Amino acid sequence: MIEIKDVTKRYGETVVLDGVSLTIAPGGVTSVIGANGAGKSTLLSVVSRLVPADGGTVTVDGMDVATTPGDRLARRLAVLRQDNHLSVRLTVRELVAFGRFPHSGGRLTAADRDLVEEAIDYFELGDLADRHLDQLSGGQRQRAHVAMVLCQDTDYVLLDEPLNNLDMRHSVQMMRRLRRMADDYGKTVVMVVHDVNFASCHSDTIVAMKDGSVVAQGTTAEMMTPEVLNAVYDLDIDVHEIGGHRIGVYFS
Amino acid sequence: MNRHPSPGRLRAWHLAAGAVLLAVLAAGSLFVGVGDLTPAGLLGGRPGDMRLLVESRLPRLLAVLLAGTATSVAGLVMMHITGNRFVSPSTTGTGESAAFGVLLATLFAGGEAVLVKMVMAVGCALLGTFFFVWILRRLTFRDMILVPLVGIMFGGVIGAATTFFAYRADLLQSLGAWTAGDFSGVLRGRYELLWIAGAVTALGYLYADRFTVAGMGRGFAVNLGVRYDRVVNTGLVLVAVITAVVVVTVGQIPFVSLVVPNLVTLALGDNLRHALPATALAGALLVLLCDVAGRLVRFPYEIPVSTVVGVVGSVLFLALLLRGGRRMGLR
Ligand SMILES: Nc1ncnc2c1ncn2[C@@H]1O[C@H](COP(=O)(O)OP(=O)(O)OP(=O)(O)O)[C@@H](O)[C@H]1O
Ligand SMILES: [Mg+2]
């Protein structure tokens, strides 16, 4: 369970997270939605100890992320950041293999290698595995980064816009993979998504943020209503039931 | 099918081939010099030959190999922990700080005790390097080129101060020995400190994965449970110790710490597990080649290795910028 209690974050005078409290139950997929600048990435960064909070606490299965040793936490929680620019040149396989670092400390076991190869195959990176990341397209690179994070094989997986740069088929594949991780392996997945329809089709819970606060949260059915979405995005969004899913229509 | 250059694969035979080449060159270098030393004479058991070998040629060879290896590995580590390909001990004032330390030791402790010199050099190199990194963290505009420029300026200031005090104390001659690297003075008993640099380099290999992770940036490092600050500080200490030891024993060797790691990582990628051994090998090769060239060009006179490396290194560096600029993040 991830427990976020009264977390505040300021940059200078600007309050970016304003006393956010949120509990994320173990197992299942949670989507975090909200406008640009709402504080989604900041919240994820605080939870994954990449950014220190100015106030409040975050615990993951009772471990305070601010004080728990980093290597211990790295075996329980993995995070994909929104901006993954790397200045070092690594091959896809090398990058994905670094996902095993918290477990193996660089000495890969046969089981580690299997996990690495499985992730590379799942994300259709087999032909690119020996290429350097700077020789990939944006979507291919994104898949490599996600593959690394999933290779970390942690109970908690936080993903900041995992669908960045992905085409439709790879987006759906990515979502199915996250769904399966939650359903079959009991993992807890928290992701930031901009497309509410991906959130609607693939998550159990949706958390909406606005101006540094959580303004609404609930099951997908509760959240996928015109009223809630209008309030979150200040945009008229119709919601239709299509193929058993609630789909927001907002293109025109 | 895959027409991209296949990078990142250091196969065992690459290292083996490099090692054989290095061994051949190293063996050959033993017989280059003013004193007459030949394989035949050595096998024939001429008494003077053995002494020449043990007292002078072998120590010189070892010094070259150790200094070449350690200097280039220090450059590789520096480049990763600062996340900038143009930051190396020669562009951060580390070498200049070490030379300043040697000057202080000479001024205040007479300069006879090698150990005092070394302690002062290491201390000043540490101070200088950490100061530079402190400046670096305070720069809001961390441009690829600006950062090493700041480092070079910083090194220039320290170098100027060193020259000033050396001039006042009538030590300009000795100053040359610390700043311009030269192996001609290496004899048995005068180079052994370099084994410290060798040992520190070997220790660096144990940290190879962590340096690579640090090179990926703080966010990646934290996510993977690596203590970023500790790894960076460890790397800085490693770099400062290596640089200082080399300055104290043979003097500064320019360009090597910049050119060798860049050439190697351009070919092999930045995974230090592969790049570090290759860099060590390539550094030893380059410095040995330059040292032998310096001994041969004006035989029987010698050109200091720093001069030869300066010429060779700047040509290599230019070639590197022209061919690899894009991959180095310049274009
Ligand atoms: N390092 C920083 N310094 C100052 N302000 C920052 C910093 N990082 C983020 N902010 C501000 O904090 C606010 C929240 O940023 P955050 O990245 O969390 O938004 P987000 O919800 O992830 O947006 P997006 O959908 O665009 O990714 C923004 O207004 C942003 O300008
Ligand atoms: Mg964001």
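No experiment lies behind these values; they were computed from the predicted model shown. Every heavy atom of this structure was used, including side-chain atoms; hydrogens, water molecules and symmetry mates were not.
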Is the ring pair B/F132/B/F154 parallel, tilted or perpendicular, if the boundaries are 30 and 60 degrees? parallel
Tell me, side chain or backbone of A/L86 under 4.5 Å from chain B's heavy atoms, or both, or neither? side chain
Mind checking whether A/F101 and A/F98 have parallel, tilted or perpendicular rings, split at 30° and 60°? tilted
Under 4.5 Å from a heavy atom of chain B, the part of A/R81 involved: side chain
Can you tell which part of A/L77 gets under 4.5 Å to a heavy atom of chain B, answering side chain, backbone, both or neither? backbone
Could you have a look at B/A221, B/G215, B/G217, B/A208 and say which one has the most heavy-atom pairs with chain A under 4.5 angstrom? B/G215
Does A/S21 use its side chain to pair, donor to acceptor, with the backbone of A/D6 at less than 3.5 Å? yes
Tell me if a side-chain donor or acceptor on A/R89 pairs with a main-chain N or O of B/L266 at a distance below 3.5 Å. yes
Quick check: does any side chain N or O of A/R179 sit under 3.5 Å from a backbone N or O of A/H202, one acting as donor and the other as acceptor? yes
Selection from A/V88, A/D71, A/N84, A/L90 maximising heavy-atom pairs under 4.5 Å formed with chain B: A/V88
Among B/D209, B/L224, B/V222, single out the residue with the greatest number of heavy-atom pairs under 4.5 Å to chain A. B/L224
